[in-house]
Novice: 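My questions will all concern the structure given below.
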Amino acid sequence: MMIQRSITTNLKAFRMVQPHLLKTGTLRTDLLCTISSFLSSCERDFSSITNGNVCFRERLRSGIVDIKKDDAIALFQEMIRSRPLPGLVDFSRFFSAIARTKQFNLVLDFCKQLELNGIAHNIYTLNIMINCFCRCCKTCFAYSVLGKVMKLGYEPDTTTFNTLINGLCLEGKVSKAVVLVDRMVENGCQPDMVTYNSIVNGICRSGDTSLAFDMLRKMEERNVKADVFTYSTIIDSLCRDGCIDAAISLFKEMETKGIKSSVVTYNSLVRGLCKAGKWNDGALLLKDMVSREIVPNVITFNVLLDVFVKEGKLQEANELYKEMITRGISPNIITYNTLMDGYCMQNRLSEANNMLDLMVRNKCSPDIVTFTSLIKGYCMVKRVDDGMKVFRNISKRGLVANAVTYSILVQGFCQSGKIKLAEELFQEMVSHGVLPDVMTYGILLDGLCDNGKLEKALEIFEDLQKSKMDLGIVMYTTIIEGMCKGGKVEDAWNLFCSLPCKGVKPNVMTYTVMISGLCKKGSLSEANILLRKMEEDGNAPNDCTYNTLIRAHLRDGDLTASAKLIEEMKSCGFSADASSIKMVIDMLLSGELDKSFLDMLS
DNA sequence: CTAGGGTTAG
């Protein structure tokens, strides 16, 4: 006991004199550190002996991972009550562990309590606070902490700036972050790899992969090393853009530079390859990964499950699930949601419900995504009322329906012809404070058009155009189609022609819809001109485009033009769809066509 | 002591 007290006293005294010694330079810094850590370790050893069970020092030393809220609160109380009080290094280590579990508000609560207990912050705990405020999207509070840093006489360091820059990038304010980089330099702090990585990540999130590439080159020019993080971020963006070859070549560049890929790099590449239909390459990459002893994790499996499920390969997905269990990888909520969605998409609702039971048994609480998938499953088999029953149960479970949940149900009602209920649900969504987005409006407008309520759709569309909402090409295509089907081909054409000045580029679907409208109106020559124009604009016609035009020409009795289009379509690798074939057969039976025409179709 | 990448639903 005596020994312990004397060491503790020494440590206290030592902490008091340390800044002085540092300032006067009477002792070398590294020596101080050595002694300091020696004393700290003595303190730790004694604490654990006296305490009996594992105390907070022990836990901090062994590293805290995945700490739950209640556990964190208990640990914090223990720290606050312990005498002598733990140092700020201990608090910082503890807070950062909690921050890693994304419980930012909890950390901020603890910081507040530190202040109430008369413990002053240092630059480290202040940096942690800045990070937490940023990650809670309260950047303005983060700035006020920065003010506090300076008021307390601390120099904001590279970490302080990096934390703020990262916060801005995560909020999508990349240009503001770039401005802060300049201010950082003015303050004598050099941007480092971490700075650039945040910026590269922000740029990639904004979808500008080529700009991220430029940033990578800029880093090299400024002799700031890029690391696996930098490369993986860009590789992932390239994969998302569908630029798989570019992703692979960047992957090779990284390896050539001696930067070893991580499981994250492989996860992105495997996903990208599989989504692009290059299954063999994906499998080869997985093999490569395992042979390099990079261990697949739950995300690797989730990615694979997703691509299998999207291909309808549920059998394989189930085998993958078993493989995960065998390897000791715990499935998470995303694993179950992915599988559940697979069953729903195949209309296998009882198995989807079994999946719900399985996840609960395995201690994974279903979330809003789970129930939204299930609702979609019911809607797909035209059981929208059962979908509504699930929907009404969501809030009883403490979950909140979001825009996706409402959108699926609105669509479900529209497709069941219950347009009135769709509109009511849409109103309910708004009154519950869930903001409809472009997708929700697109679904509603599509439903209104399909159910003979073009005027209502156009009314909402007018309002939307006046709003700040960025209407994508899908929305315009929906309205153009609605107008065409509602006999307002002239209006549709005007809207179509106005797209460029609205800054929207028509896609294959838009052209096809417009071509169909022109055909309906009997303007076949204009439709033909539009077919050539879409090619000039870089939109290759698809099977739907060709079939639409072919049927129109057949209806018109222009067999030569039909035959020419059929040949062209076949040369593009497309074939006649069911509706075109039916039309040809009908015409064959009525004697309008001879059999050679049918032969040409196949 | 501080920062950061990859997975699910419309």
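Worth saying up front: this structure is predicted, and the values here are computed from it rather than measured. Each chain gets a letter, A, B and so on, in the order its sequence line appears, and its residues count up from 1.
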Novice: What's A/T160 touching, base or sugar-phosphate or nothing? Going by heavy atoms closer than 4.0 Å.
Specialist: nothing

Novice: Looking across every strand, which nucleic acid part, if any, lies under 4.0 Å from A/N297 by heavy atom: base, sugar-phosphate, or nothing?
Specialist: base

Novice: Scan A/V263 against the nucleic acid and name what it touches under 4.0 Å (heavy atoms): base, sugar-phosphate only, or nothing.
Specialist: base

Novice: Does A/T233 get its side chain close enough to the base of B/dG5, under 3.5 Å, for a donor-acceptor pair?
Specialist: no

Novice: Indicate whether any N or O donor in one side chain lies under 3.5 Å from an N or O acceptor in the other, for A/N302 and A/T335.
Specialist: yes

Novice: Look at all strands and tell whether A/V303 reaches a base, only sugar-phosphate, or nothing, counting heavy atoms closer than 4.0 Å.
Specialist: sugar-phosphate

Novice: With salt bridge (charged side-chain N to carboxylate O under 4.0 Å, His left out) as the test, would you mind laying out the steps for A/E316 and A/K322 before giving the verdict?
Specialist: CA-CA 10 Å; A/E316 286 86 345; A/K322 284 182 204 143; over 6 Å; no

Novice: Indicate, with a heavy-atom threshold strictly under 4.0 Å, whether A/N122 touches base, sugar-phosphate, or nothing.
Specialist: nothing

Novice: In whole angstroms, how far is the P atom of B/dG5 from the CG atom of A/N201?
Specialist: 6 Å

Novice: When you measure from the side chain of A/D236, which nucleotide among B/dT8, B/dA9, B/dG6 comes out closest?
Specialist: B/dG6

Novice: With heavy atoms under 4.0 Å as the rule, sort A/V410 into base, sugar-phosphate or nothing.
Specialist: nothing

Novice: Dump the intermediate steps for side-chain contact (heavy atoms from CB on, under 4.5 Å) on A/F95 and A/M129, then the final yes or no.
Specialist: CA-CA 9 Å; A/F95 291 168; A/M129 284 181 78; over 6 Å; no

